[in-house]
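Order of the sequence lines fixes the chain letters, A, B, ..., with proteins taken first and strands second; residue numbering starts at 1 for each chain.
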Amino acid sequence: MQKPAIPKGTRDFMPIEMERRNYIFDTIKKVFRKYGFVQIETPAMENISTLLGKYGDEGDKLLFRILNSGNFFDGVFSEEQDMVDMKELTLKIAEKGLRYDLTVPFARFVVQHKEQITFPFRRFQIQPVWRADRPQRGRYREFYQCDADIVGADSLINEMELIEVLDEVFDKLNIKVAIKLNNRKILTGIAQLIGQADKITDITVAIDKLDKIGLDAVNKELTDKDISEESVQRLQPILLLEGSNADKLIKLKEILHCSDIGQKGIEEIETVMAYLADCKLKARLELDLTLARGLNYYTGIIIEVKALDANMGSISGGGRYDNLTGVFGLQGVSGVGVSFGADRIYDILQELNLFPEKTEASTKLLFVAFDSKGIEYALPIVRKIRKAGIPAEIYSEEAKIKKQMQYANDKNIPFVAIVGDDEMKANAVMLKNMTTGEQRLVAVEDIVKEIQ
RNA sequence: GUGAGUAUAGCUCAGUUGGUUAGAGUAGCGGAUUGUGGUUCCGUUGGUCGUGGGUUCGAGUCCCAUUACUCACCCCA
């Protein structure tokens with residue numbers, strides 16, 4: 001016999017967990033809608049060519065590929081070509097892959113349906129994504145992202161609104177967070193400053209680790225990446241920036257005075273922060289130059305959210321991407337978006353005991369009978385109760401009352417209606433309140449009134 | 001891809017320097033109570049000790065391999 005199991009990094013969800021997950025999804029959805037976002041869905045799988053090359057080499061490795069159906073080896077091996085080139089081979093036998101995030105499929109979606117879309121397009125999307133990563137705490141191979149993006153709009157007002165969305169959602173969920181901001185343009189400016197623009201990726205990856213591994217280790221890593229001693233030295237004032245957001249920006253302006261693109265990035269941050277000055281964010285908003293985000297496609301402001309009271313990676317992220325639709329042939333469409341990591345948010349709410357007490361009402365009233373006669377007597381009554389909008393069920397098996405009561409108890413059903421010969425004779429039920437333990441004979445027509 | 005740890009009943013875990021027939025709690029089932037759950041008491045089902053090999057008179061325990069899972073790094077939601 002086969003032992004039942006699911007792939008690692010995936011999970012089953014029990015009813016209680018679904019209730020809590022829906023609490024998260026509903027909260028996010030409500031805020032999205034309030035800001036005018038409309039929902040779409042895209043398929044779990046995309047053509048592999050849609051996904052490849054969008055997330056860097058690392059990302060390509062983490063894509064789940066779907067083996068072609070049928071005889072997938074058919075015509076794969078030609079005579080002069082060996083099976084040496086695994087990459088080529090993989091491309092031929094797996095032409096589809098599971099989506100890695102919601103942003104790239106959305107870009108594909110926008111280009112494919114551009115005639116039917118009114119821009120600026122504000123869409124939200126809540127669906128699972130898959131990554132062939134090694135699972136660990138807060139990291140799953142299948143997890144839900146909740147994305148809100150605005151495409152076809154350049155204004156930084158959109159950045160502001162998305163930050164408001166982030167703030168509002170986490171406030172509603174009672175999670176204390178820091179919203180970290182940076183700008184890819186500032187990072188580019190920094191790379192220019194030290195004269196190694198081509199090393200931008202290495203630099204950002206290294207300075208992203210500043211608070212994790214410390215200044216010395218970062219400098220060593222930079223040196224290891226063939227960045228000259230002199231350049232590393234020039235980088236120091238930036239790594240050592242301290243003080244309020246405004247302080248940092250002022251100093252940064254000085255340091256980057258010779259970089260146009262760097263100045264542009266600083267301006268953008270200033271503008272967004274000025275917009276946000278009025279809206280009384282609950283979250284801490286901080287400029288964080290160590291924030292790099294590996295994703296290749298961000299070009300402007302980068303956003304990341306961290307929970308203050310829990311040890312967890314980022315629980316939301318986002319940013320501006322100027323030319324994401326470009327690779328699908330639609331130029332000049334800029335987008336900006338954020339993404340909530342529902343599963344990490346779940347873990348944090350669980351850890352901090354922040355899920356609301358009240359469980360969403362399921363069955364309110366259970367009918368319990370001694371025999372088939374009682375069950376038949378109860379059936380029309382159940383219908384009546386349901387017609388009144390009250391979730392009710394009947395224990396359909398003939399079983400001992402004790403067992404049926406236990407069922408009601410396990411399911412947290414607040415009321416039980418017991419049906420026996422006496423009750424049938426009186427055209428009534430014995431209505432028991434499972435919380436207080438009280439019970440009394442209630443006429444059939446009074447049941448609804450009694451349990452409301 | 002790199003490193004560390006764990007694996008014993010459905011679940012959570014004990015199991016001594018290697019020594020008789022591997023235990024507990026919990027869940028399940030039955031009963032105390034044939035018209036009453038959540039509390040209590042009694043009884044009871046359930047294990048190829050992850051898998052394969054080795055050392056030994058003897059292995060849940062020691063060694064090797066393997067698989068799965070967990071945690072950390074990389075990266076990320």
Side-chain angles (χ1 to χ4, degrees), chain A residues 1 3-11 14 24 28 55-62 99-103 126-147 166 177 201 204-206 208-209 212-213 217 221 291-296 302-307 311-319 337-348 366 368-371 374 395 398-424 429-441:
Chain A
M1 204 183 48
K3 205 174 165 186
I6 55 176
K8 71 175 163 187
T10 66
R11 294 146 305 153
M14 298 299 284
I24 296 171
I28 293 172
Y55 310 103
D57 290 344
E58 205 63 36
D60 283 357
K61 276 187 222 151
L62 298 180
R99 75 164 98 77
Y100 177 92
D101 72 355
L102 300 180
T103 308
I126 298 177
Q127 288 191 275
V129 303
W130 293 268
R131 296 183 188 176
D133 219 339
R134 226 152 124 168
Q136 54 185 277
R137 193 182 123 83
R139 167 170 304 175
Y140 306 98
R141 294 183 125 179
E142 177 184 61
F143 61 98
Y144 274 69
Q145 289 193 329
C146 315
D147 276 34
L166 289 169
V177 296
T201 311
T204 53
V205 166
D208 187 31
K209 294 180 194 161
K212 261 190 212 157
I213 61 177
E221 181 159 331
L291 187 104
R293 297 188 59 80
L295 289 180
N296 297 356
I302 309 166
I303 307 165
E304 189 165 290
V305 179
K306 289 207 73 169
N311 174 28
M312 178 72 67
S314 62
I315 52 178
S316 280
V338 293
S339 174
F340 292 84
D343 304 78
R344 284 184 175 177
I345 292 171
Y346 183 102
D347 290 347
I348 286 173
L366 176 75
V368 158
F370 292 93
D371 49 30
Y395 199 96
E398 286 186 52
K400 285 184 185 166
I401 292 301
K402 179 177 168 144
K403 189 172 172 143
Q404 302 189 52
M405 294 298 285
Q406 187 127 22
Y407 174 84
N409 199 62
D410 289 346
K411 265 190 90 169
N412 261 315
I413 297 171
F415 292 97
V416 169
I418 302 165
V419 174
D421 288 341
D422 295 346
E423 286 81 5
M424 285 190 263
V429 298
M430 184 62 74
L431 189 68
K432 175 160 185 164
N433 181 325
M434 294 295 278
T435 319
T436 63
E438 292 169 55
Q439 66 178 47
R440 62 202 173 86
L441 200 67

Find the partner of [N]: check Watson-Crick (N1-N3 plus N6-O4 or O6-N4) and G-U wobble (N1-O2, O6-N3) distances, both under 3.5 Å, and reply none if neither fits.
N: B:U12; answer: B:A24
N: B:U2; answer: B:A72
N: B:U48; answer: none
N: B:C29; answer: B:G43
N: B:A7; answer: B:U67
N: B:C57; answer: B:G19

Rounded to whole angstrom units, what separation is found between the [atom1] atom of [X] and the [atom2] atom of [N]?
X: A:I401; N: B:G35; atom1: CD1; atom2: C1'; value: 6 Å
X: A:N311; N: B:C76; atom1: CG; atom2: P; value: 18 Å
X: A:Y55; N: B:A77; atom1: OH; atom2: C1'; value: 13 Å
X: A:K8; N: B:U67; atom1: NZ; atom2: C1'; value: 11 Å
X: A:R11; N: B:U70; atom1: CZ; atom2: C1'; value: 15 Å
X: A:L62; N: B:A77; atom1: CG; atom2: C1'; value: 13 Å
X: A:E398; N: B:U34; atom1: CD; atom2: C1'; value: 14 Å
X: A:K61; N: B:C76; atom1: NZ; atom2: P; value: 13 Å

Could you state the interatomic distance from [atom1] ([X]) to [atom2] ([Y]), rounded to the nearest 0.5 Å?
X: A:R11; Y: A:R141; atom1: CZ; atom2: CZ; result: 13.0 Å
X: A:D101; Y: A:F143; atom1: CG; atom2: CZ; result: 8.5 Å
X: A:N311; Y: A:I348; atom1: CG; atom2: CD1; result: 9.5 Å

Query raised in the report: Sub-3.5 Å donor-acceptor pair from the side chain of A:R131 to the main-chain atoms of A:Y100, do we have one?
Result: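 The answer is yes, because a donor-acceptor pair under 3.5 Å joins these two groups.
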
Report task. Keeping the roles fixed (side chain from A:E423, backbone from A:L441), state whether a donor-acceptor pair exists under 3.5 Å. Result ->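 Between the backbone of A:L441 and the side chain of A:E423 there is no qualifying donor-acceptor contact (under 3.5 Å).
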
Which nucleotide, [options], lies nearest any side-chain atom of [X]?
X: A:R139; options: B:C74, B:U36, B:G35; result: B:C74
X: A:D133; options: B:G35, B:C75, B:G37; result: B:C75
X: A:R134; options: B:G35, B:C76, B:A72; result: B:A72
X: A:K403; options: B:G35, B:G38, B:C29; result: B:C29
X: A:Q406; options: B:G37, B:A77, B:C71; result: B:G37
X: A:K400; options: B:A72, B:G37, B:G31; result: B:G31
X: A:E58; options: B:C75, B:A77, B:G35; result: B:C75

Using a 4.0 Å heavy-atom cut-off across all strands, classify [X] as base, sugar-phosphate, or nothing.
X: A:G59; value: nothing
X: A:G138; value: base
X: A:M430; value: base
X: A:Q404; value: nothing

Query raised in the report: If you pin A:Q145 and A:Q136 to their nearest nucleotides in RNA chain B, which one's is more 5'?
Result: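 Checking each residue's closest nucleotide, the 5'-ward one belongs to A:Q136.
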
Query - Residue closer to the 5' end of RNA chain B, A:V305 versus A:D410 (nearest nucleotide) - result: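 The answer here is A:D410.
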
Query raised in the report: Stacking between A:F143 and the base of B:A77 (centre distance under 5.5 Å, interplanar angle under 30°)?
Result: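 So yes, this residue stacks on that base, both cut-offs being met.
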
Report task. Answer yes or no: does atom CG of A:D57 have more than 12 heavy-atom neighbours from other residues, nucleotides or ligands under 6.0 Å? Result ->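 Incorrect, the count does not exceed 12.
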
Query raised in the report: Got a sec: does the NZ of A:K411 have more than 12 other heavy atoms crowding it under 6.0 Å?
Result: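 Enclosed: over 12 neighbouring heavy atoms sit under 6.0 Å from NZ of A:K411.
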
Query raised in the report: Within the modelled atom types, does a donor on one side and an acceptor on the other bring the side chain of A:N409 and the base of B:G37 under 3.5 Å apart?
Result: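 Between B:G37 and A:N409, which were checked side chain against base, a qualifying N/O pair under 3.5 Å is present.
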
**Report entry** Donor/acceptor link under 3.5 angstrom from A:K402 side chain onto base of B:U36
**Finding:**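 No such pair is found, so the answer is no.
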
Query raised in the report: Taking the same atom, C1', in B:G47 and in B:C11, what whole-Å distance lies between them?
Result: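 Nearest-Å result for B:G47 against B:C11 at atom C1': 14 Å.
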
